[in-house]
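Structure first, then comments.
Here is how names work: the chains are called A, B, and so on, in the same order as the sequence lines, proteins then strands, and each is numbered from 1.
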Amino acid sequence: MQTATDAYKLLHDGIQALAKVEQAGLRIDVEYIKNKKKEITREINALEKQFLKTTFFKDWLKSSKEVNIYSPTQLGKFLYTTKNLKVFKQTVTGKGATDEEALRQLRIPELDTLLQIKKLKKIRDTYLESFEREQVNGTLHPFYQLHLVKTFRGSSDSPNFQNIPKRDKEAMDICRKAIYPRPGNQLVEFDYKQLEVRIAACYNGDQKLIDDIVSGDMHRDVCIELFKIENFNKEELTHSTLRSATKNGFVFPQFYGSYYKNCAINLACTWGQLPKNGRWKKGQGIPFEDTYLANHLIEKGFTSLDKFTEHVRDIEKDFWEVRYGVYTKWKRDWWQLYQQKGYIETKTGFRLQGVMNQNDVINYPIQGSAFHCLLWSLIEGVKAQTKEHWDSRIVGQIHDSIIMDVNPRELKKVIKVMRCIMCNDIRQKWEWITVPLDVDVEIHPVDGSWADKLKN
DNA sequence: TCGTTCACGC
DNA sequence: GACGTACGTGAACGAA
């Protein structure tokens, strides 16, 4: 186990290594950004024009002298007071929400246009704008901090390199097409696989969890139970879709401390929208074994969201009391330890104190220690690139991944060294890592952008 | 200037 | 038995 002195040294070495990462930076295509911004602006203007012509907007204008279509306050007032629509989702202050989820529930087609406009504005004003503003002679130098986050994770700003779109294909493409390696080089990403879950297993020592990480498939197992699937086949599109829904709508939320009611709603949205009145009709949802998911669920007796929720409650009970019973016991002991001492200590030597609830006490040390694995690997990576006089450099970091600008002649060697640092050396250094670590390596084409994939 | 709401990442 | 997903950065709005 690590001491406070070790913890200090990690931050000391870490921030110096990150300074080298900041100094290296990433090339960006300023011309592309300028053109893309113009293109998006034209698109926004056209969509705005379209929106302003709708009866929805005209009614809105009648109800109020001046309308700002981008004001959540004004939109909420119009939807939930003037039009008196039912509130599906509330904000933290108890008002009707106007975020994407809330607006989709209302099923008003005009609002889809508004959402598309907002998405484009986000891309233009948060990402492209900041890339252009912060670049120096065509190189972007995102900043990294180690002193701001209460879990002892890192953060990034000016611009934030850690929240650039990835899941939404259109947004990902537009933003990441601005980012390049130096001429003749290629971007390579080293992603720790399931890092937080593996670090959780180091804390709780749950053998079932470790077995699942090393050779099992927990998402598949839970998926089969949740949707009562016979003869699960990973190659079948429907089954892999439901496995993803299970992973993102049940397993991960459960690890972060969510509970069955929210999970049930997540899972019931597998067809995009929550069924009206909490009941679904035949023919709804994704295709499923010659019919539809709704048909399948009705056949299994889950005719309504309430019935399905009871089922999810039972699955949750089994998940924590049977499947990962050791993990559950650790959670109780760990919470008790915090209550006795008033603080907890991470495997990496940091002390977490202050007012925390049960979820915080469980999640903070896991999140922090997971990041520290990445940070240690980054320090060693910077050491290697300096000592071995590589042209290749680490140019970014996103919590559990490292992004490098690699000279193709060094590609094989760089991958070999980074893999060795991230999976082997770190376990020599930190014996508390009792679970194997693994990395995904994604290689982008030579002279390709961060959005470009290697053609095989 | 600051709190709120929203949206992006892990 | 009820309750309840963690951590960030940043843009825009609107009240102070």
- When you measure from the side chain of A:Ser71, which nucleotide among C:dG14, C:dA6, B:dA7 comes out closest? C:dG14

- Note on the structure: From the candidates B:dC10, C:dC13, B:dC6, the one with an atom nearest any side-chain atom of A:Ile398 is B:dC10

- Between C:dA11 and A:Arg133, is there an OP1 or OP2 to side-chain N/O distance shorter than 4.0 Å? yes

- Task: Using a heavy-atom cut-off of under 4.0 Å over every strand shown, decide if A:Lys95 touches base, sugar-phosphate, or nothing.
- Result: sugar-phosphate

- Could you check which nucleotide pairs with B:dG3 in any of the strands shown, counting Watson-Crick or G-U wobble with both distances under 3.5 Å? C:dC13

- Task: Please confirm whether any donor atom in the side chain of A:Arg153 sits under 3.5 Å from an acceptor in the base of B:dC10, or the reverse.
- Result: yes

- Message: So that I can tick it off, tell me whether A:Glu170 and A:Lys119 are bridged by a salt bridge, with the cut-off set at under 4.0 angstrom between side-chain N and carboxylate O.
- Response: yes

- Message: With a 3.5 Å limit on both atom pairs, tell me what C:dA2 is paired to, counting Watson-Crick and G-U wobble, or say none.
- Response: none

- Message: Can you see if the side chain of A:Thr126 gets near the phosphate of B:dA7 - specifically, an N or O under 4.0 Å from OP1 or OP2?
- Response: no

- Message: With rounding to the closest Å, how many angstrom separate the P atoms on B:dC10 and C:dG4?
- Response: 28 Å

- Has the side chain of A:Asp99 got a donor or acceptor that lies under 3.5 Å from a partner of the other kind on the base of B:dC6? no

- Item | C:dA12 OP1/OP2 closer than 4.0 Å to side-chain N/O of A:Asn68 | no

- Does C:dC7 have OP1 or OP2 sitting under 4.0 Å from an N or O in the side chain of A:Lys150? yes

- Query: Among the nucleotides C:dG8, B:dT5, C:dC7, which one has an atom lying closest to any side-chain atom of A:Thr93?
  - Reply: B:dT5

- Item | 5' priority, DNA chain C, between A:His399 and A:Lys261 [closest heavy atom] | A:Lys261

- Between A:Gln397 and A:Gln162, a side-chain donor and acceptor under 3.5 Å: yes

- Please state whether the rings of A:Phe252 and A:His219 are parallel, tilted or perpendicular, taking 30° and 60° as the class boundaries. perpendicular

- Message: Just verifying a value: how many Å separate A:His399 NE2 and A:Gln367 CD, rounded to the nearest 0.5 Å?
- Response: 8.0 Å

- Is there a side-chain polar atom (N or O) of A:Ser401 under 4.0 Å from OP1 or OP2 of B:dC10? no

- Query: Reckon A:Lys119 has a side-chain N or O less than 4.0 Å from the OP1 or OP2 of B:dA7?
  - Reply: no

